[in-house]
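What follows is a set of notes on a single structure, which appears directly below.
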There are 2 protein chains.
Amino acid sequence: MSLSPLPSLPARADAHELATQLARAILSGHWATGAPFPRELDLCEHFGASRNLVRNALARLTTAGLIERSAGRGSWVCDIGEWHLLDPQMSEWLTGLDTPHPQLIREIHAFRLSAEPHVAALAAQSADAEDLSRLERAYRGMCDTAADSARYREHGEHDAIFHAAIYRASHNLVWRQMGHLLRPSILALIAQSHQQATTLDDSLERHWRVMEAIRLRQPDEARRAAAYILERTAADLGLSMRHITEHPLTSPKGTGA
Amino acid sequence: MSLSPLPSLPARADAHELATQLARAILSGHWATGAPFPRELDLCEHFGASRNLVRNALARLTTAGLIERSAGRGSWVCDIGEWHLLDPQMSEWLTGLDTPHPQLIREIHAFRLSAEPHVAALAAQSADAEDLSRLERAYRGMCDTAADSARYREHGEHDAIFHAAIYRASHNLVWRQMGHLLRPSILALIAQSHQQATTLDDSLERHWRVMEAIRLRQPDEARRAAAYILERTAADLGLSMRHITEHPLTSPKGTGA
DNA sequence: CAATTCCAAATGTCTGACATTTTAGTGTTG
DNA sequence: CAACACTAAAATGTCAGACATTTGGAATTG
């Protein structure tokens, strides 16, 4: 075995694409934490790419905290605690992953649960016309795609945009950057639980309440409404709310799948 | 003018170092938003480095959202809203900057003001022995370096570690990553306002209250105590609390320097 | 057995060439 | 004169092979 012989991936001549494939292999748990990562020359041979291109791809994995490299010693896969979850590139890699890392989805949701209501309150204080316009466009997109169950993927995109717009409306650069983080979590939710019509209606109504509270500059109401959305999200994800809210992660370690 | 002829920087043969120099030039506002970034060959000539190394450095700036590149068109400096403030590498670049970007420091502080009290409450629920140990070590480091005003830099490091330990004690991977963000803000504070003995005593006592509340598993008290720290921080930074808390950034645009 | 020397392995860098993308210009043609 | 196709230049992306540097272990030697 030695190197978990690289899931046979399609060979392509593009650093961005290669980095994506390797990153998704790591995010899917193809290598164990601390395991040695294939050497440059092996990757070159396997993918039929030049060393230059491979090094370019590996550099991206390094800046994302997925692997660690050292001259003379080689490369290893980093622990999940070192991954730069807030790197927008990471969000791109996480979305569209066939089997999203279950711990990551839970951690992201736990974060949203503790942060998003407050962000919504901030948004209600600071949102301008442009922010409201963004929210409305996303909301209409959600409505338009709710009827047709075949467009669930499209629906998820609008959903993600809606929540990112909330973060952006806080008019704080840090919170705004955090909006990227939501996409994988939301899309994973939509993908794994094809929601029914009644469920979607309920979800739409909860989103509408947040948007309206932001428009009317009612921070406390926005906070409540945002928490209200996340309750439904948690239910759809099959997460125990009490567990998360009271003890974000008191269980000893991995808590498995 | 054309390209703002690159602040004459010491030439070194290390991609990491070159990236740091260029990044700090951008973060200092040496190029305006949207301005064209020097071409690869110009950088090669200016720094006496190979194109390979220059490209490596530029790749890092790209992944951090500082510049945008496109084949055939060139490179430009991105808007501050696109910068990946949550990239740990960015924190490294920001710290030690002679003239930290004033808007960034304010934005980071505004973020902390809205988030850190809640994180402290989470920490009070989830902290384990190891977390408390980290907090204590950092606190003792702050105490040891408080007496000697010449060790203010060291004091700032312990301060930053203390706050990062709070985020980490939330036992959520996302909040934990966010701990990196604090360092530049805290070090900038320490650097620009050499605090007096009485001020430091007060600061230490406020930190102690947070640590004690976390140990005793008192979330509400931890929240209050964390907010209490940030009040002092804001005062030392010369920021108007009311302005930040009520309207994080209502002013139209850049708000200048 | 300990200290040193040497070598192999892996990543980091250099050089020069070619490929690809984009913009701007330059004609040609209706 | 306007619209179109073609060409050329500029910039980034990729390839190929060589050398440099760092690291760890193995062989050598006192």
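None of the values given here were measured: they were computed from a predicted structure. Below, chain A is the first sequence line, B the second, and so on; all start at residue 1.
Protein atom CZ of A:R51 is 16 Å distant from nucleotide atom P of C:dT15, rounded to whole Å. Residue B:E45 contributes atom CD, which lies 13 Å from atom P of C:dT15 at whole-angstrom precision. If you measure from atom CD of A:E40 to atom P of C:dT13, you get 11 Å, rounded to the nearest angstrom. When rounded to the nearest whole Å, the span between CZ of B:F47 and P of C:dC14 equals 14 Å. A straight line from CG of A:L43 to C1' of C:dA9 spans 16 Å, rounded to a whole angstrom. The CD1 atom of A:I67 sits 15 Å away from the P atom of C:dA10 (whole-angstrom rounding). Rounding to whole angstrom units, CG of residue B:D14 and P of D:dA20 are separated by 18 Å. Note: CG (B:N56) to C1' (D:dG13) measures 14 Å, nearest angstrom.
Nearest nucleotide to the A:S50 side chain, out of D:dC15, C:dG12, D:dT12: D:dC15. The nucleotide whose nearest atom lies closest to any side-chain atom of B:R55 is, among D:dT14, D:dA16, C:dG12, D:dT14.
Between A:S75 and C:dA10, a side-chain N or O to OP1/OP2 separation shorter than 4.0 Å is absent. Neither OP1 nor OP2 of C:dA10 sits under 4.0 Å from any side-chain N or O of A:R73. Taking side-chain N and O atoms only, A:R69 has a distance below 4.0 Å to OP1 or OP2 of C:dG12. The side chain of B:R39 contributes no N or O atom lying less than 4.0 Å from OP1 or OP2 of D:dA10.
Along DNA chain D, the nucleotide closest to A:N52 and the one closest to A:A71 are compared, and the more 5′ of them pairs with A:N52.
Paired with A:I186 under the rule side chain to side chain contact (heavy atoms under 4.5 Å, CB included), one option of A:R112, A:H155, A:H158, A:E157 passes, and it is A:R112.
Counting only N and O atoms by type, the side chains of A:Y167 and A:E116 include a donor and acceptor under 3.5 Å apart. The closest side-chain donor-acceptor pair between B:S28 and B:R24, if any, does not fall under 3.5 angstrom.
Rounded to 10 degrees, the angle between the two end axes of the helix from C:dC1-D:dG30 to C:dG30-D:dC1 is 0°, with five pairs used at each end.
The pair B:R168-B:E130 fails the salt-bridge criterion, with no side-chain N (NZ, NE, NH1 or NH2) lying under 4.0 Å from an Asp/Glu carboxylate O. Taking the charged nitrogens against the carboxylate oxygens, B:E68 and B:R73 have no contact shorter than 4.0 Å, which rules out a salt bridge. For A:R176 and B:E82, the salt-bridge test passes: some basic side-chain N is under 4.0 Å from an acidic carboxylate O.
Nearest heavy atom pair, residue A:P184 against residue A:I105, reads O-CD1, 4.3 Å.
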